[in-house]
Amino acid sequence: MPGSRILLIVGGGIAAFKIPELIRMLRREGLSVTPVLTSGGAEFVTPLTLSALAEAPCHTALFDLTRESEMGHIQLSRNADLVVVAPATADLMARMAAGMADDLATTLLLATDKPVLAAPAMNVRMWNHPATRRNRDLLEEDGIRFVGPDEGDMACGEYGPGRMAEPEAIRDAILAALGHDRPLRLPPEAVVSLPPAQGRLSGHHVIVTSGPTHEPIDPVRYIANRSSGAQGTAIAAALRDLGARVSFVTGPAEVPPPEGVEVIRVETARQMRDAVERALPADAAVMAAAVADWQVLNARDSKIKKDAQGAAPMLEFAENPDILAWLGRLTNGRPDLVVGFAAETDDVLANAKAKRLRKGADWIVANDVSPETGIMGGPENAVTLITETGAEPWPRMTKPEVARRLAERIADTLAGELP
Ligand code: C5P
């Protein structure tokens, strides 16, 4: 079973943001994953993210001549032990049911001689529509298996069946389709990532925010930034490793959240603020998220169409809540230690010191994110820790190393050993 090959077709739905986590889970089961991204899927997740996590090239186009000569699409579809479609959108299901082959994904699905498992994800009305039901019945008759969809709150604000099954459930369905039900023996690295029973921070609760926020323009478009979530994720993992109970409030990040922490997924700054408020009380809070400063005031409920006269839409902005400043100045229930980040490109220290005071933070982790540093989205970070007593430059190190050192400092402080 470890060594089985999954061809993973990623359709164009918001649920595609869960696919990196699914790939990570499949890799940990010892499966090899070849991602195929539809053009719709590429609106939600990048080929680079999928290929980095899968450690395999991500295929995107049908007429890629180099690959066509190295490996034709027929061979690609048959090299797999199982073909998985997740998220399977209403459109993709319709095209599969009709036997279309107008892009790489549908061509592979038509050419394969291997079992296919689909994880549908769509709006509740689309799922309940007679056309989708018909397509689902046809696909089932063709022998395609399904996992989900789940019932719950949807990205579009409605409630009902249509949410893609959680990555754990898709992984279990994949293992079952390959003839292996859980529980399997986990590989050793899966075991070490669980929180230790005892540690310097056991008994302490820490809230960590991480990743970007997405501020919708309309149901399909949003404003975001280039935060990968790598530093915040590493901090949550390091705090967990010291035994802390971690509430990890994350925007749509590129890297999957750590194991052994409570993951609260949000999209917008307002949702992030509400999630942090709900996670209180806490002993410490580390606000590592790159929160969007503005939200679109005139965001639309339906997709903005191109104007026939070529006029561009006008967006109006309103300032988002500053979560760090709100938490730092909370009179009732403020965590003992509030840590913020300051990603700056000019006057790094002066700006970060001013930010510490302005936002009521105890510490600011300042870093220079000028493009030439390669820090934004890169594996390393060079930070200066600014506290009440001064500025302490740390040598350039990897983001997990920064996270471990910060977690140790938090443990020192919460244990009352250092100011
Ligand atoms: O003002 P600036 O965005 O540079 O501040 C960075 C710090 O403030 C980070 O710790 C970030 O997580 C936090 N922040 C926040 N809410 C905002 C903006 C920033 O928590 N709306």
Side-chain angles (χ1 to χ4, degrees), residues 206-216 222-236 238-239 246-253 255 257 264-280 282 284-297 317-330 333-335 337-370 373 375-377 381 383-387 391 394 399 402-403 406-407 409-410:
V206 186
I207 301 172
V208 178
T209 67
S210 180
T213 62
H214 283 185
E215 305 297 331
Y222 56 83
I223 291 176
N225 59 62
R226 294 188 198 282
S227 166
S228 64
Q231 186 63 82
T233 302
I235 291 168
L239 291 163
V246 179
S247 297
F248 183 64
V249 182
T250 177
V255 295
I264 304 138
R265 293 177 198 278
V266 296
E267 270 199 34
T268 65
R270 282 159 298 161
Q271 291 168 353
M272 187 172 272
R273 199 206 84 105
D274 292 348
V276 169
E277 188 167 22
R278 274 198 297 273
L280 289 170
V286 182
M287 306 282 98
V291 184
D293 288 323
W294 301 282
Q295 55 183 282
V296 181
L297 203 53
F317 291 94
E319 205 164 309
N320 263 333
D322 189 318
I323 306 163
L324 175 61
W326 159 75
L327 197 63
R329 307 220 166 274
L330 209 58
R334 180 190 187 278
L337 183 66
V338 174
V339 183
F341 274 70
E344 306 280 351
T345 53
D346 311 283
D347 294 332
V348 179
L349 279 193
N351 278 326
K353 282 180 180 168
K355 197 167 284 181
R356 194 187 81 84
L357 295 175
R358 196 171 65 244
K359 299 206 180 200
D362 298 296
W363 300 349
I364 288 280
V365 181
N367 59 359
D368 184 346
V369 290
S370 311
T373 63
I375 282 172
M376 203 80 172
N381 212 345
V383 308
T384 300
L385 181 67
I386 294 164
T387 67
W394 292 0
K399 289 179 178 176
V402 170
L406 187 65
R409 288 294 292 263
I410 292 172

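All figures in this text were calculated on a predicted structure; none of them were measured in a lab. Order of appearance sets the numbers: ligands from 1, and atoms from 1 within every ligand.
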Quiz item: Any side-chain heavy-atom pair from Glu267 and Tyr222 closer than 4.5 angstrom?
Solution: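 No. Closest side-chain heavy atoms not under 4.5 Å.
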Exercise. For residues Val383 and Leu406, determine if any side-chain heavy atom of one lies less than 4.5 Å from a side-chain heavy atom of the other.
Key: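 No, side chains not in contact.
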Nearest 0.5 Å, what's the [atom1]-[atom2] distance between [X] and [Y]?
X	Y	atom1	atom2	answer
Ile207	Arg278	CD1	CZ	11.5 Å
Ile223	Asp293	CD1	CG	11.5 Å
Leu349	Thr384	CG	OG1	5.0 Å

Just need the protein heavy atom nearest to [atom], so name the residue and atom and give the distance.
atom	result
atom 20 (O) of ligand 1	Leu324 N, 2.9 Å
atom 8 (O) of ligand 1	Lys359 NZ, 3.1 Å
atom 6 (C) of ligand 1	Phe341 O, 2.9 Å

Within less than 4.0 angstrom of ligand 1, does [X] place any heavy atom?
X	result
Glu344	no
Ala289	yes
Pro321	yes

Quiz prompt | Atoms of ligand 1, numbered as shown, that sit under 4.0 Å from any heavy atom of Gly340 | solution =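 This gives 10 (O) as the contact atoms.
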Quiz item: Relative to the heavy atoms of Met287, which atoms of ligand 1 are at a distance of less than 4.0 Å?
Solution: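 Contacts of ligand 1 toward Met287, numbered from 1: 9 (C), 10 (O), 11 (C), 12 (O).
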Exercise. May I ask which of Asn320, Ile323, Thr209, Val276 has a heavy atom nearer to atom 15 (C) of ligand 1 than the others do?
Key: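 Closest candidate by heavy-atom distance is Ile323.
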Exercise. Tell me, please, which residues at least two apart from Glu344 pass salt bridge (Lys or Arg N to Asp or Glu O under 4.0 Å).
Key: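 Salt bridge (Lys or Arg N to Asp or Glu O under 4.0 Å) check on Glu344 returns Lys355.
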Ligand 1 to [X] polar contact by distance, N or O atoms, under 3.5 Å:
X	result
Lys355	yes
Ala292	no
Val291	no
Ala343	no
Ala290	no

Quiz item: For Trp363, does its backbone N or O pair with a side-chain atom of Arg356 as donor and acceptor, under 3.5 Å?
Solution: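 A pair under 3.5 Å: no.
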Quiz item: Is Arg334 salt-bridged to Asp362, going by a charged N under 4.0 Å from an acidic O?
Solution: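 The answer is yes: the pair qualifies as a salt bridge.
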Quiz prompt | Worked verdict on Thr268 versus Gln295 for side chain to side chain contact (heavy atoms under 4.5 Å, CB included) | solution = CA-CA 8 Å; Thr268 65; Gln295 55 183 282; over 6 Å; no
